[in-house]
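Residue numbers start from 1 in every chain, and the chains themselves are labelled A, B, ... in the order their sequence lines are given, proteins ahead of strands. Since we're looking at a predicted model, the values are computed, not measured.
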Protein chains: 2
Amino acid sequence: MTAADGTAADVAIETIHHEMTAFARRARASAGRLHPELSLVSYTLLGHLEERGGCRATDLAAHYALDKSTVSRQVSALEGAGLIERRSDPQDQRVQVLHLTAAGTEILAQVTASRRVAFRERLAGWPEEDLRRFAGYLLRYNAAGPGTDPGPADSPATG
Amino acid sequence: MTAADGTAADVAIETIHHEMTAFARRARASAGRLHPELSLVSYTLLGHLEERGGCRATDLAAHYALDKSTVSRQVSALEGAGLIERRSDPQDQRVQVLHLTAAGTEILAQVTASRRVAFRERLAGWPEEDLRRFAGYLLRYNAAGPGTDPGPADSPATG
DNA sequence: ATTGATGGTTGTATCGTGCAACCATCAGGG
DNA sequence: CCCTGATGGTTGCACGATACAACCATCAAT
């Protein structure tokens, strides 16, 4: 049996719809108070920089489906805060390769750690088997790609 | 074995962290293009009104942790668009009970249907057993309450 | 050398949001 | 019968994130 061909599956899908959406709503609501020094957007961009070990503003824009002007301003703010630095690419003078500074790495680590703790608390008591399955489902769900993402259905604070 | 006491669980938690977060990011990115006539916020509020069969602006604000001024403006917009109507409460002249209009019900149904289809497509091919388990995990995760919600960790478009 | 593509910045506008101040109404006690 | 405080709602103001468009600088290819 596959999705959309039975009422039991229908109920499950409705629940998934509703709950994913509820998560998105709360996520949005808590986006601002991530860290006094670091908005959620900034945190994300820093995390990406750390993962990649530096990249261009254009790469960030493409990866997060943001306008390049948006990224440009975010980057300016992060640079102003001393969390990232721009390094000009000798191979291409148009390009500014963005890198975390020591301060940026530090704050990113702090925020990541505190978020990790929060997730751990929320998932405390879950049997390992359930954690693994849950993670697997999420991976599978997200792997379908952004193209078919229906988005949240119940997230007022996201508008 | 419970969360946070083993490396296998650690890996699963990291994955959950990352994937929930990826969902929130895409959700936010697609929030604007939900419907030409209906932002995501509006859609949510309409949905709530339908569920409850009418409620007060204050209830909406409390439920979604929004400022009452924010709700007030959203409600004004929805009323202007003819999707909801205000009915004064004879028991309390301060109160305006909000109700969907026929047009509001119509548009809400349209958007809900299209979102349902999108979710179905994304979940097509999942065995019913997996759907049920996934739904159960999401319920369990969200049931922990907003208080301990760590929020997304990778959602720039959410800021 | 010209032309088109690419990386980035800036001006402008919009939208959602929160805070604070405010008004109207209700409920309780002197 | 008024005061006083609580509650529902609106409005003024400011902020932050975003997109679009116009623009400049640089590169690549012909």
J.: Quick one: does D59(A)'s side chain have a donor or acceptor within less than 3.5 Å of a partner on R56(A)'s backbone?
T.: yes
J.: Does V95(B) offer a backbone N or O that forms a donor-acceptor pair with the side chain of D89(B) under 3.5 Å?
T.: no
J.: Measure CG/L60(A) against P/dT9(C) and give the value in whole Å, please.
T.: 12 Å
J.: Hey, does S69(B) reach any base, or is it just sugar-phosphate, or nothing, if we go heavy atoms under 4.0 Å?
T.: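 Contact class for S69(B): base.
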J.: Examine distances only and state if a side-chain atom of T105(A) and a backbone atom of L100(A) form a donor-acceptor pair shorter than 3.5 Å.
T.: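 No; zero donor-acceptor contacts below 3.5 Å.
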J.: Could you check how far CG of D67(B) sits from C1' of dC13(D), rounded to whole Å?
T.: 13 Å
J.: Mind checking side-chain hydrogen bond (donor to acceptor under 3.5 Å, both in side chains) for D92(A) and listing every partner two or more places apart, or none if nothing turns up?
T.: R94(A)
J.: Verify, without hydrogens or angle tests, whether T101(A) (side chain) and L83(A) (backbone) share a donor-acceptor contact under 3.5 angstrom.
T.: yes
J.: Among side-chain atoms of Y64(B) and T70(B), is any donor-acceptor pair under 3.5 angstrom?
T.: no
J.: Hey, can you pull the residues of residues 91-98 of chain B with a non-hydrogen atom under 4.0 angstrom from DNA chain D?
T.: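 Within residues 91-98 of chain B, the residues near DNA chain D are R94(B), V95(B), Q96(B).
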J.: Give a yes or no answer on whether the side chain of R87(A) reaches the backbone of H99(A) with a donor-acceptor pair at less than 3.5 Å.
T.: no
J.: Can you list, in residue-number order, the parts of residues 71-89 of chain B that come under 4.0 Å of DNA chain C, counting heavy atoms only?
T.: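 Heavy-atom cutoff 4.0 Å gives R73(B), Q74(B).
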J.: Can you work out whether T70(B) or R56(B) has the more 5'-proximal nearest nucleotide on DNA chain D?
T.: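 Counting from the 5' end, the first nearest nucleotide belongs to R56(B).
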